[in-house]
Structure formats: structure tokens, C-alpha cells
Amino acid sequence: MSQQVRVRFAPSPTGPLHIGGVRTALFNYLFAKKHSGSFILRIEDTDQNRYVEGAEQYIIDSLNWCGIPFDEGPGKDGGYGPYRQSERQHIYKAYADELVAKGKAYYAFDTSEELQAMRQSYEAKGETFIYNWHNRETLNNSLALSSDQVEAKIKDGIEHVVRFKSPAKGQLILNDLIRGKIEIDTSLLDDKILFKSDGMPTYHLANIVDDHLMQISHVIRGEEWLPSLALHQLLYDAFGWKAPQFAHLPLILKPTGKGKLSKRDGDKLGFPVFPLEWRDPSGQERYHGYREDGYFSEAVINFLAFLGWNPGSEQEIFSREELVSAFNLERVQKGGARFDPDKTKWFNHHYMQEQNDRELAIEFKANRPELNEVDLSYIELVVALIKERATFVSDFWQLSHFMFVSPGSFDEKGLKKAVKEGTSDILTEICTILSEIEPYNTAVLNEKIKGWITEKEIGFGRVMMPLRLALVGSLQGPDVFEIMFLIGKNESVRRIETAIKTLNRST
């Protein structure tokens, strides 16, 4: 690729960053790194009425947690800043005036009341009002007014906007790197506002100017921006600039496959749709985050990569480096990608196995008051034993509580299944065997007890099920010999003796 690759992720700080936005950031990041380019974060905060305190920092924290940090952006000047549009406000008016001077845009003085009356007039005739070539020269703008009238209005401080002068006719032929050839009838376009009466540009003007000045080579964004593609290309043409290449990513759909995944779906269906927990500054909204719900960032990135892209192979588990190497826009699908909450858990279960046992033990201990006095090294051994059955760290206690606390009761179904005539005698024999075992470790426990079972021709189920019940309180849990080794000889014997007493009382 001869042109230096520069891509940008340009969210608005109007609230938490939706997982769909993270997917867009990820695809931009992967594309940039694949081509040794730059990934830029630009904060598009021209709409000050929707600005939410803390949202920008949330976006930055989310990208960093996901492991897709930006190369340039707020706090990381790469020579193309500032990277907040509100700090670039002084730039845009000159470009709006340039378009007016070229006859590509015009001043419009229409009041909201005048526009509303026009809409109602069209609706009364069963038509839809569109401000464009077919009526603009009859409305309150510089195309219909004399130059003296326009000058007088501006001098008098009459509020006005700058509108783009869309072509009256013609076919615009565009190429999308994902969707291919796109044809648009320009006569159907409306004359979008480029510069507002409050002195701020609209998204469309600021977006194009900033992409040009920041030398953005590829615009990779969500499908929802497809309707803006024609205007953006026309703006590039109006300025005489070379447009970047465009690629529009497919929507992320609800688990049903019907409709776009929204921020409310997570609350309704019980899964996060934001990378980090979000608390609205007003205190009215609180949303769960993947991080707080126990997901690993590697799992989040892995499942997001597969929402609309496939590597063309059977491989599903990718490191970040492997994703960079495998990623290409040609394998991004056009149709929507269905969000599968169960698949995200599958990814998390996989990455659980790759986590450091010590770090998992630290997190486990921090979240369970019952473990305050337990040695961290012991917790680490327990984690290593049970994590293969865990999806989240929050699963650890249910999977391992018996490694820290003796069972207070025995599962009724387990009792019916495991306890037969002679079970107490068998457990008594096991206690005797345990008391004589030296050295006391998993291998010797396995050898001695299995050897005794074989010698007595008892049957493994008659021994192992009640033994597990005595140690755990149910028929669940990891390897019995591992349990006995970790809780120790004395504790193992004590639990078995307690079980024998319980059985004797019930007979």
C-alpha cells in the first residue's frame, strides 16, 4: 500500500462507548497495524448540548483496557492536533466560507417557524419537504436573495446557517471496500447544514475537514454512516481534495438476529454491551461492563473480531498479534453480525485457562471475605485445580468452597445415589488407609486407595462416590485425590468421620 495508512476512530462523548463502537475501533486498529500505519482517536464534540462529563475519559480507558491504544489523540500529539473538535472550532468557518465563495454552499436565513410551516404545507399535500434543488431558490437564503439583502442580514446579525448546495441531477458512483460499487442519485439528496448559527460546524463539515487535515487514508466506520457517504464524497469534490477510501462495517444485531443491538438489550437479556461499567454523572443510569462482569479483555477482543469478520479458516482463538496478521477488509461481511452471548462466555472460558494462577488467586481472595485469613499460596493451588471448569472468577467460590470450609450438610440426591449397605464400613476402612499413607501426596493417595479397591473387588463407584460426598458435601468437584491432598490428611479424615457419624445416625 503506497499511501501511508492513517485511520481514525471518532466517537462523540455523549455517554458510554457501546460495544459496537469498540468493534469499530478494533477494526481500525487492526487495519492500521496490519499496514504499519497510525490509529488516531478524535473526539467529535461539536454538539455541546449532548456532551456528557466523563465520557471522553471513559472512551480512552475502554480502548486501553481492551488493548487497542491509540497512537495519536488527546494527550498523544502526533503533529495533527488538537484532537478534540471543540478545540478546533476556529478552523471550520474558513472552510464553510470557502464553499460559499465557490458557489458550493450558501447562507440560509430560514427560521425554525418558517421551516415548520413549509413542512406542514407539504404534508397537507401528502408530500415530504426536502430542502434542495427543487425549492431552494424560493426559500429564505442567499440563492433567492440579492447580494445586498444577504449582506444586510449578515451585518444585522440575523441568525443563519451554511447549507451545502447538492447537485440538481447526476449519478454519483462510489466504491466501498466492503460493499463494492454504490450508485447514488444526487437529485434525491437534501442540502445539509454544514455550519450552524451558534458558530459550530455540523458533524459533516468538521468530519471532512479534520479527516483531510489529519491526512486520513481510510475511513472505516459503521453501516449507519452509509447515508452520509454521498454528501461526504461531494464535499471532498467541492473542496478539490482527494477523498479517503471508505469501508462501512455491518451492524451488530441482537441475539435474535433481528434489529441492531442496543444499550437496553444487555439489561433485558443479562449481558453487558459496554466494555466498562458506566455510571451517569446524574446518577440516573448505570450499566454493567465486561470488565466488571469478569470478562478478560483478550476474550472481548477475540469475540468482537468475529462480529462481521472471519479469517477464512477454522481458527477461532487469536492473540492480538495474530489478529493483526490475519485481518483484512475483504473478509468483512456486508450483512449484520448476530451477537451471541454464549459465544462470548466460551471465549472467556478459554482465556481463563491462560491466566496466571497467582493473579487469579489475588482477585479471588479480594472478592471473598471468607478468604481473608487463608494463605495466598494455598488459594493459588485451589485455583489451578478448579479453573478449567470456570468461566469467570466469580465462579470460583461455588466450584471450590469445600476446599476452605467443611461441608455442613450432604446433598440429598447424592446420599441416595452414593450410600449403600456397608458404606460406613467402607469409609471407615478409607480412614485407616489415609492415616497410614506416607508420603501424603496425590500420587500415593491414588495408588493406595485404588489398589485397595481392586484388591477388595468392591467396585470404584461404591467407594469413590461416598468418599467424594464426605469430602465435598455433594457429588461435584475436581479429582478426589487432589482434594484430599490439598485439604490435608487430618482434615480429610475428619470429614470422612463426620460423614460416617451422619450415616450412622440416619440408619
**Student:** Which of these, Phe195, Phe164, Trp241, sits in a ring pair (Phe, Tyr, Trp, His ring centres under 6.0 Å) with Tyr95?
**Tutor:** Trp241
**Student:** Do the side-chain N and O atoms of Asp97 and Tyr92 include a donor-acceptor pair separated by under 3.5 angstrom?
**Tutor:** no
**Student:** Looking at CG of Asp375 and CD1 of Ile379, how far apart are the two atoms once the value is rounded to the nearest 0.5 Å?
**Tutor:** 7.5 Å
**Student:** Side chains of Pro82 and Arg84: does their closest heavy-atom pair fall under 4.5 Å?
**Tutor:** no
**Student:** For Trp309, run the ring pair (Phe, Tyr, Trp, His ring centres under 6.0 Å) check against Phe327, Phe31, Phe303 and tell me which one passes.
**Tutor:** Phe327
**Student:** Which heavy atom of Phe27 sits nearest a heavy atom of Leu304, and at what distance?
**Tutor:** CE1-O, 4.0 Å
**Student:** Can the ring centroids of Phe396 and Phe364 be said to lie less than 6.0 angstrom from one another?
**Tutor:** yes
**Student:** Check for a donor-acceptor pair, side chain of His18 on one end and backbone N or O of Gly20 on the other, with a separation under 3.5 Å.
**Tutor:** yes
**Student:** In chain order, what residues pass the salt bridge (charged side-chain N to carboxylate O under 4.0 Å, His left out) check against Asp191, with sequence neighbours excluded?
**Tutor:** Arg136
**Student:** Heavy atoms, side chains only, cut-off 4.5 Å: are Pro407 and Val472 in contact?
**Tutor:** no
**Student:** Rounded at 0.5 Å granularity, tell me how far CZ in Phe318 sits from CD in Glu298.
**Tutor:** 15.5 Å
**Student:** Just by distance, do the side chain of Thr186 and the backbone of Gly170 share a donor-acceptor pair under 3.5 Å?
**Tutor:** yes
**Student:** Do Phe271 and Phe339 pass the ring pair (Phe, Tyr, Trp, His ring centres under 6.0 Å) test, and can you show the C-alpha distance, the side-chain angles, and the key distance before you say yes or no?
**Tutor:** CA-CA 11 Å; Phe271 59 84; Phe339 185 89; 4.9 Å; yes
**Student:** Which donor-acceptor pairs under 3.5 Å do side chains of residues 251-259 form with protein atoms, sequence neighbours excluded?
**Tutor:**
unit_1: Lys254; atom_1: NZ; unit_2: Asp265; atom_2: OD1; d: 2.9
unit_1: Lys254; atom_1: NZ; unit_2: Asp265; atom_2: OD2; d: 2.9
unit_1: Thr256; atom_1: OG1; unit_2: Lys258; atom_2: N; d: 3.3

**Student:** Does one side chain, of Tyr83 or Glu72, offer a donor that lies under 3.5 Å from an acceptor on the other?
**Tutor:** yes
**Student:** Mind checking the CG-CG spacing from Leu205 to Leu99? Nearest 0.5 Å is all I need.
**Tutor:** 7.0 Å
**Student:** When rounded to the nearest 0.5 angstrom, what is the spacing between CD1 in Ile19 and CG in Leu26?
**Tutor:** 10.0 Å
**Student:** When you check the side-chain N and O atoms of His288 and Glu292, is any donor under 3.5 Å from an acceptor?
**Tutor:** no
**Student:** Answer yes or no: does atom CD of Glu53 have more than 12 heavy-atom neighbours from other residues, nucleotides or ligands under 6.0 Å?
**Tutor:** no
**Student:** Do Val7 and Ile40 have side chains that approach each other closer than 4.5 Å (heavy atoms only, starting at C-beta)?
**Tutor:** no
**Student:** Can you see which heavy atom on Leu323 is nearest to which on Ala305, and at what distance?
**Tutor:** CD2-CB, 3.7 Å
**Student:** Between Ser12 (side chain only) and Thr14 (backbone N and O only), is there a donor and an acceptor less than 3.5 Å apart?
**Tutor:** no
**Student:** Ignoring hydrogens and geometry beyond distance, is a side-chain donor-acceptor pair present between His248 and Arg221 at under 3.5 Å?
**Tutor:** yes
**Student:** Going by the side-chain hydrogen bond (donor to acceptor under 3.5 Å, both in side chains) test, which pairs reach into residues 392-403, not counting sequence neighbours?
**Tutor:** none
**Student:** Less than 6.0 angstrom from the centroid, inside 45 degrees of the normal: does Arg8 satisfy that with respect to the ring of Tyr80?
**Tutor:** no
**Student:** Does Tyr290 have its ring centroid less than 6.0 Å away from the ring centroid of Tyr295?
**Tutor:** yes
**Student:** Between Arg291 and Glu277, does any side-chain N to carboxylate O distance fall below 4.0 Å?
**Tutor:** no
**Student:** Answer yes if the side chains of Tyr351 and Asn302 hold a donor-acceptor pair under 3.5 Å, and no otherwise.
**Tutor:** yes
**Student:** When you check the side-chain N and O atoms of Tyr287 and Glu285, is any donor under 3.5 Å from an acceptor?
**Tutor:** yes
**Student:** Closer than 4.0 angstrom, basic N to acidic O: yes or no for Glu44 and Arg42?
**Tutor:** yes
**Student:** Could you check whether Arg88 pairs with Asp45 (Lys NZ or Arg NE/NH1/NH2 to Asp/Glu carboxylate O, under 4.0 Å)?
**Tutor:** no
**Student:** Salt bridge between Glu316 and Lys343, side-chain N to carboxylate O under 4.0 Å?
**Tutor:** yes
**Student:** Do you know the tightest heavy-atom contact between Asn28 and Ile220?
**Tutor:** ND2-O, 2.9 Å
**Student:** Taking NZ, NE, NH1 and NH2 as the nitrogens, is one of them in Glu223 or Arg179 under 4.0 Å from a carboxylate oxygen of the other?
**Tutor:** yes
**Student:** Going by heavy atoms in the side chains, are Asn141 and Arg163 under 4.5 Å from each other?
**Tutor:** no
